[in-house]
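Reading through the structure tokens given below for one structure.
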Amino acid sequence: MTTSSLRQYLQTLETNGDLHRISEPVSWNLEASAVTMLLNEEDSAVPLFENVDSARLVGDPYRGTQRRPWERIALGLGLPSDLSYREFYEAVIERLKNPIDPVTVSTDDAPCKEEIQTGDDVDLLDFPWPYIHAGDGGRYSNLHTLVAPDPDSEWVDWSNHRTMIHDGETSSVLLLAGEQTPNLYYYKYEKRDRPMPVAIAVGVEPAVQYTSVMWIPTGRNEAEYAGGLKQEPVELVPCETNDLSVPATAELVIEGEILPNERRDEGPFGDYFGYMHGPRRSMPLFRVTGITHQTDPILPFCVEGTGVGHSENTTSSMEIGCVGPDATLGLRTAGFDVECCAPWKSTPRTIYAISTEKTNPSYLHDMANFIFTTWGMLHVDFFIFVDADVNPLNQREVLEALALHADPDADFHQFGVETMPKVPLNIYQTPTEKGDIQTGTSKAKTAKAYIDATSDGAGREAQPTHDVERRYRAQKILERAGVESSELSFVDPGEATQ
């Protein structure tokens, strides 16, 4: 079933018994995020807070389970939630290969236009933006789609950059040079002393949210890929105070402009690494010119960082369920023989594992060169190459490959000490290294690395010690003794070669 709005998606969750409706009053000041964090840690249902001042909040709506982080991502696309990771990745890849152009609808047909504020009526503080972590620099919107146009072409970029609310008319936006929308701002609009028109669509339909975090190539509109993901056109509607178009079923849209050479404090923020990111920094100023929204809007948010490696949140699940398939498709499109490219579950955006059948060193070096110089890879510092039969999402399998096949002398490769900017969110950087307030990127340059943990090479012909026959007989002994052994996934030795 096609899912065309956040509300429809939440209704599907509720039908599946996967939504907690919380009707008692809950504060946007740490309470909503604390409840969400506990439910995340318990792998429980998604919380919908129905009584938070003038609106509603939903905490981590796309967070998957620890064992299957892509489950709710699949649900938002109308895919079966019981797909294996390979089946899910291939289904998403097939849809991304068939983009569909968006359509424009009238204001009367757009749910996000039920209420309209412009001029003196605009007030960001009319809405319960959550204070997410104790120690954050302020209240945030951190799960939305930021729409910004290229001034030199027809391209309009969709992205996801958190914004910290300052007052009723302004916020600061985390823009790190090296990413698509920040590059438009720093190297085109600001250099020409022009404001960048922007719309922030909050509470968009699942396919739109998913494409906002994907590595869609520069110059290609995410709206087309969102249509491909949902297998029908995304509906757009014109803004009230600028020339942009936004997803018509969004819960709330903030229209405005990011001003040139204007900065406001941003952060600290409890980031995806699981640590409070600081120091407080200056980031570009967003000035609001209009707000449109549905009646009684639902504002989604993500509790970043908490329980890293032990619990999921929307960011970590989308990295696995959205960015992973997109990155896999990108490598295949570039001509590389890749089985799967997926993030390291415990620390999404820092390490990726790539499984491939072609494992000779020059081939892997060429792939690493493509990744680090073409994609930019502002966030990701390490890539681990493993054999095609290794599941990149299974950290035990990847660690086993590292332990058995990665020669510390020959297979660890530093790739370019000073090639591109480094994201200033890495906790191993000092405050001085995080520097450069002008473009929001680190003063230190990258020292990216890749590890060859494939079994290719001399001296690696050893055979594993397990054998199917012995495991099968052990299973039969356990069954006769009445001991459950289903999780061990034993197979009949006669079927082992099929």
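All values derive from a computational prediction rather than experimental measurement. In this chain, residues are counted from 1 in sequence order.
Here Tyr140 and Phe269 bring their ring centres to under 6.0 angstrom of each other.
Atom OG1 in Thr107 sits 5.5 Å away from atom CD in Glu240 (nearest 0.5 Å). Residue Tyr189 holds its OH atom at 5.5 Å from CZ of Arg194, rounded to the nearest 0.5 Å.
For the 3.5 Å distance criterion, the side chains of Glu114 and Thr295 qualify, holding a donor opposite an acceptor. Remark: the Asn40 side chain and the Ser311 side chain contain no N/O donor-acceptor pair separated by less than 3.5 Å. Thr350 and Asp381 share no side-chain donor-acceptor pair at under 3.5 Å. No hydrogens or angles considered: a donor-acceptor pair under 3.5 Å links the side chains of Ser44 and His20. Side chain to side chain, Glu71 and Ser81 fail the donor-acceptor criterion of an N or O pair below 3.5 Å. Between Ser5 and Thr249, the side chains place no donor N or O within less than 3.5 Å of an acceptor N or O (distance only, hydrogens not considered).
Within the cation-pi definition used here (under 6.0 Å to the ring centroid, within 45° of the axis), Arg220 does not qualify as a partner of Trp155.
The side chain to side chain donor-acceptor pair (under 3.5 Å) contacts involving residues 200-210 comprise Glu205-Lys230, where partners must be two or more places apart or lie in separate chains. Pairs engaging residues 7-20 under the salt bridge (charged side-chain N to carboxylate O under 4.0 Å, His left out) rule: Arg7-Glu251, Glu14-Arg21, Asp18-Arg72 [sequence neighbours left out]. Screening residues 293-312 for salt bridge (charged side-chain N to carboxylate O under 4.0 Å, His left out), with sequence neighbours left out, gives Arg56-Asp296.
Side-chain atoms of Glu169 do not come within 3.5 Å of backbone N or O of Phe286 as any donor-acceptor pair. Looking only at distances, a side-chain donor or acceptor of Ser316 sits under 3.5 Å from a matching main-chain atom of Asn313. Of the possible donor and acceptor atoms, one in the side chain of Arg280 sits under 3.5 Å from a partner among the backbone N and O of Gly267.
Ring pair Trp215/Tyr352 is tilted by interplanar angle, where 30° to 60° counts as tilted.
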